[in-house]
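Side-chain atoms are counted along with the backbone in the values below, which use heavy atoms only and exclude waters and symmetry mates. Being a predicted model, the structure only gives us computed values, none of them experimental.
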Amino acid sequence: MGHGNWNNADWDRYAASSVHGRSRDELFGARGMDDRYDPARINVRESRDSAENPLATPIIVGVDVTGSMGFLAEELVVNGLNATFTQLLDRKPVSDPHVMAMALGDGFTDAAPLQATQFEADLRIVEQLRSLWLEGGGGGNGGESYCLAHAFAGLKTVHDAYEKRRKRGFLFTVGDEPVHDGVTQEQFARVLGVNARRGVSGREAVKLASQYYEVFHIIVDGSYAAGRLKEVRASWERILPQRVIHLKDPTKLAETIVSTIELASGRDPDDVAKGWSSACADVLAQATARLPWRGFLGNGR
């Protein structure tokens with residue numbers, strides 16, 4: 001998938017008729033998981049080159065939709081996806097972006113701890129994101145199952161960027177809680193529809209995804225991280241060292257994603273900082289201080 005191209009005029013018309021002024025319940029009407037986005041029913045998600053997108057770059061954005069975190073999906077619909085596509089096309093850190101959205105929850109307690117759209121390059125990604133179920137669960141058990149996103153990306157996605165050009169895509173998970181360390185054998189079967197001989201640790205799940213994606217996690221200041229940031233960061237640094245970013249202002253999610261892609265694609269940090277709002281400066285300063293950008297070349301180079 002991934003046909004078409006993002007167009008600001010199309011977005012403006014769609015947003016005026018279907019997004020602006022609507023409540024979260026109006027934006028997200030699903031009251032259960034749609035079979036189309038059930039990872040156990042998905043054989044593979046593809047990002048393929050086409051005449052419209054000859055050098056496709058897959059980008060996965062998985063957001064925590066448990067409890068109070070439903071605002072992340074709302075932010076993506078109302079502002080984030082348009083800002084992300086617009087900035088990617090304007091700043092051109094990568095070619096022909098294809099975006100997949102994921103809704104993430106708790107693999108131990110939730111009915112739908114993972115949902116995944118297709119890879120899309122136009123308004124279809126917004127329509128599919130709005131069809132995801134904001135279950136609002138979470139188990140109150142000190143974490144969420146973000147590693148399901150890593151396992152799905154490693155086992156159930158394919159893309160021409162890697163198969164043809166040996167370039168990795170990008171995978172961002174976003175949330176405010178610690179990460180459950182890995183995927184159990186039972187979760188592989190029930191959630192992903194994969195007959196695994198054993199479960200995997202968080203590091204192993206990240207390794208699965210890292211074959212094909214540059215993997216990052218963005219901690220947002222939700223109700224959990226606001227008071228226990230050190231705990232949340234420590235859980236992530238154990239499985240994804242030097243790839244963890246703290247974002248205080250969720251409305252700057254698009255800026256954070258695009259600037260991180262710029263840095264990971266080899267663009268000089270000083271050049272990346274040009275043109276961004278001052279509100280994104282602390283995120284860029286954190287990224288350049290903690291993450292190994294200088295001299296770092298990702299994408300299999």
*Please confirm whether the backbone N or O of Val258 pairs with a side-chain atom of Arg91, one donor and one acceptor, at under 3.5 Å?*
no
*Would you check if the side chain of Lys156 reaches a backbone N or O of Leu192 as a donor-acceptor pair within less than 3.5 Å?*
yes
*Between Arg198 and Glu204, is there a salt bridge with N-O shorter than 4.0 Å?*
yes
_Checking Met100 against Gln118 for the side chain to side chain contact (heavy atoms under 4.5 Å, CB included) test, could you report, in this order, the C-alpha distance in whole Å, the side-chain angles of both residues, the deciding distance, and whether it holds?_
CA-CA 6 Å; Met100 169 195 286; Gln118 299 277 359; over 6 Å; no
*What pairs with Gln211 under side-chain contact (heavy atoms from CB on, under 4.5 Å), at least two apart in sequence or on another chain?*
Leu208
_Lys207 atom NZ, over 12 foreign heavy atoms within 6.0 Å_ = no
*When you look at CG of Asn195, are more than 12 heavy atoms from neighbouring residues, nucleotides or ligands closer to it than 6.0 Å?*
no
*asked:* Can you see whether Glu255 engages Gln87 through a side-chain donor-acceptor pair at a distance of less than 3.5 angstrom?
replied: no
*Whether Ser145 side chain and Leu148 backbone form a donor-acceptor pair below 3.5 Å*: no
*Do Asp181 and Ser201 have side-chain heavy atoms sitting under 4.5 Å apart?*
yes
_Residues which pass side-chain contact (heavy atoms from CB on, under 4.5 Å) with Gln115, listed by chain and number, not counting sequence neighbours_ = Met33, Tyr37, Ala103, Ala112, Leu132, Trp133
*Could you name each residue pair satisfying salt bridge (charged side-chain N to carboxylate O under 4.0 Å, His left out) that touches residues 58-70, not counting sequence neighbours?*
none
*Taking the six-membered ring for Trp, are His159 and Tyr213 ring centroids under 6.0 Å apart?*
yes
*What heavy-atom pair brings Phe188 and Ala151 nearest, and what distance separates the two atoms?*
CE2-CB, 4.1 Å
_Would you say that Asn79 contacts Leu253 through its side chain, given a criterion of any heavy-atom pair below 4.5 Å between the two side chains?_
no
*Assert yes or no for the condition that the ring centre distance of Phe172 to Phe216 is strictly below 6.0 Å.*
yes
*Any sub-3.5 Å donor-acceptor pair from Glu46's side-chain atoms to Val158's backbone N or O?*
no
*Gln187 and Phe108: side chain to side chain contact (heavy atoms under 4.5 Å, CB included), yes or no, with the steps?*
CA-CA 8 Å; Gln187 289 165 358; Phe108 293 97; 3.5 Å; yes
_Under a 4.0 Å threshold between the charged nitrogen and the carboxylate oxygen, would Arg165 count as salt-bridged to Asp49?_
yes
*Between Lys92 and Leu89, is there a donor-acceptor pair closer than 3.5 Å when you use the side chain of the first and the backbone of the second?*
yes
*With side chains defined as the heavy atoms from C-beta onward, is the minimum distance between Glu144 and Val179 less than 4.5 Å?*
no
*Quick one: are the ring centres of Tyr146 and His217 less than 6.0 Å apart?*
yes
*With under 30° as parallel and over 60° as perpendicular, where do the rings of Phe85 and Trp6 fit, or are they tilted in between?*
parallel
*Strictly by modelled atom types, are Asn5 and Asn53 linked by a side-chain donor-acceptor pair under 3.5 Å?*
yes
*May I ask you to say whether Lys164 pairs ionically with Asp160, meaning some side-chain N is under 4.0 Å from a carboxylate O?*
yes
*Less than 4.5 Å apart, any side-chain heavy atom of Asp122 and any of Asp10?*
no
*Any salt bridge between Asp221 and Lys248, counting N to O under 4.0 Å?*
no
*Do Val220 and Met69 come within less than 4.5 Å of each other through their side chains, counting heavy atoms only?*
yes
*Cation-pi check, Arg228 to Tyr224: give yes when NZ or CZ is under 6.0 Å from the six-membered ring centre and within 45° of the ring axis, no otherwise.*
yes
*Go through the steps to decide whether Asp106 and Asn141 satisfy the test side chain to side chain donor-acceptor pair (under 3.5 Å), and finish with yes or no.*
CA-CA 9 Å; Asp106 191 319; Asn141 52 10; 3.0 Å; yes
*Passes side chain to side chain contact (heavy atoms under 4.5 Å, CB included), Arg267 versus Asp271? Steps please.*
CA-CA 7 Å; Arg267 192 163 290 179; Asp271 291 335; 4.3 Å; yes
*Trace of the side chain to side chain contact (heavy atoms under 4.5 Å, CB included) decision for Leu114 with Met102*: CA-CA 7 Å; Leu114 176 66; Met102 288 183 175; 3.8 Å; yes
*Measure the shortest side-chain to side-chain distance between Arg22 and Glu74 over non-hydrogen atoms and say whether it is less than 4.5 angstrom.*
no
*Kindly indicate whether the side chain of Val232, heavy atoms from C-beta on, has any atom under 4.5 Å from the side chain of Asp176.*
no
*May I ask you to say whether Arg243 pairs ionically with Glu237, meaning some side-chain N is under 4.0 Å from a carboxylate O?*
no
*Would you call Glu26 and Arg130 a salt bridge, taking side-chain N to carboxylate O under 4.0 Å as the test?*
no
_Shortest non-hydrogen contact between Leu123 and Trp11, atoms and distance_ = CD2-CE3, 3.7 Å
